[in-house]
Amino acid sequence: MGAQQVREGFTELYGTEPDGVWSAPGRVNLIGEHTDYNDGFVMPFALPHVTTAAVARRTDGVLRLHSSDIGGGVVELALDTLEPGTDQEWTAYPAGVVWALREAGHPVTGADVHLASTVPTGAGLSSSAALEVVIALALNDLYELGLQRWQLARLCQRAENVYVGAPTGIMDQTASACCEAGHALFLDTRDLSQRQIPFDLAAEGMRLLVVDTQVKHAHSGGEYGKRRAGCEKGAALLGVDALRDVPYGELDSALDRLGDEEEVRRLVRHVVTEDHRVERVVALLEAGDTRAIGPVLTEGHASLRDDFQVSCPELDLVVEAANAAGALGARMTGGGFGGSAIVLAETADVDTITKAVEEAFAAAGFKAPRTFEAVPSAGARKAD
Ligand code: GLA
């Protein structure tokens, strides 16, 4: 849905013009999975799919929220009563951002919000981050808070961790806030330093496909938190602040030191090798050797499947079927336990690969997947 339509929807709903319209994208992660809460490296890029918000300021301490995608009317909340952990609905994301801004001392006194989104939900493509970031950016502009993009990302992460109660890292919010069209974002999640890496596959005769398995995932569920706790245990046993501090060259000796802590060893091995894979992908892209990243992506999938154990049969089948049909590489993307996989392919092979994956799903008795091409797109912006 375009900005103009969302503006008109606002006017119809609230009977006045909004002060502006903003949008923020979902993302896919090229490489660097489950590294962000270990202070490690990630490399997401923004999708063309966005959440769009028409917003007007209020001065009376009231927040009114409406989404054209979700049934139900306008939800009205009093800012003074916002409390972490009390909202189990979609409204927790935008309300959480308002809560986080106010908690940090920013003078937000209310808003009317009307939303529409093209980011698939529960598909591992960061629909929640898009929703958080669009609200944060709109309020930053409307209340002239002067916050930088990385600061907005941090506040959105706080909203998600504390208000919503999902223990996620900083990747998705930073991707939505900071990505640039035609680039992947090489992000150091320890200090949020960033480098935009040109990533124009079409110019080199390649495509990146997103295959949404349609298996829904949820991060407030326990498995994500368990992995995170396991990584923290690993860092504590190794005497480092975060697993990012275990150099790749010292992985074997670190694993030796973990003795018979089999589960922690697997988690540590994934995180340390995955950080290294991000650095390898950056080096290959900067050397212009784009096709060579394919096997690194597939290697990353194996590590997520076998060591980190966050894949599922549908994601494994995408990777297996796509690679058997001639893909350059493939991997699950996002938190896992369902959601989407990415496939790097020669442009000429896209149809064959898409068909092969569909046939493999049908043969396995899985629900048909949804495949689309991902073009690196712009980060959050004022849209109207
Ligand atoms: C989810 C989280 C991110 C990150 C990924 C895994 O998308 O929101 O912070 O941890 O999983 O890489």
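Bear in mind that the values here come from a model prediction, so they are computed numbers and not experimental data. All ligand and atom numbering here is 1-based and tracks the order in the structure.
Only one option out of Asp275, Asp188, Asp36 pairs with Arg244 in a side chain to side chain donor-acceptor pair (under 3.5 Å); it is Asp188.
Residue contacts with ligand 1, taken as heavy atom pairs separated by less than 4.0 Å, do not involve Glu274 at all.
When the heavy-atom distances from atom 3 (C) of ligand 1 to Asn29, Asp36, Thr333 are ranked, the shortest goes to Asp36.
Using a 4.5 Å cut-off on side-chain heavy atoms (C-beta onward), Ser127 and Tyr93 make no contact.
Checked by atom type and distance alone, the side chain of Thr213 never pairs as donor or acceptor with a backbone atom of Pro369 at under 3.5 Å. Using a distance-only test at 3.5 Å, with no hydrogens or angles considered, no donor-acceptor pair links the side chain of Thr118 to the main chain of His49.
The local environment of NZ in Lys382 is crowded, with over 12 non-hydrogen atoms from other residues, nucleotides or ligands closer than 6.0 Å.
At a threshold of 4.0 Å, the pair Lys226-Glu263 does not count as salt-bridged, since none of the basic side-chain nitrogens sits closer than that to a carboxylate oxygen.
Residue Gly169 places at least one N or O, backbone or side chain, under 3.5 Å from an N or O of ligand 1. Below 3.5 Å of separation, one finds no N or O of Thr168 facing any N or O of ligand 1. In terms of polar-atom proximity, Thr35 is not counted as a contact of ligand 1, lacking any N or O under 3.5 Å from an N or O of the ligand.
Short contacts between ligand 1 and Tyr37, defined as distances under 4.0 Å to a heavy atom of the residue, involve ligand atoms 10 (O). Against a heavy-atom cut-off of under 4.0 Å, Met171 is close to the following atoms of ligand 1: 4 (C), 5 (C), 12 (O). Close approach to Arg27 involves these atoms of ligand 1, each under 4.0 Å from a residue heavy atom: 7 (O).
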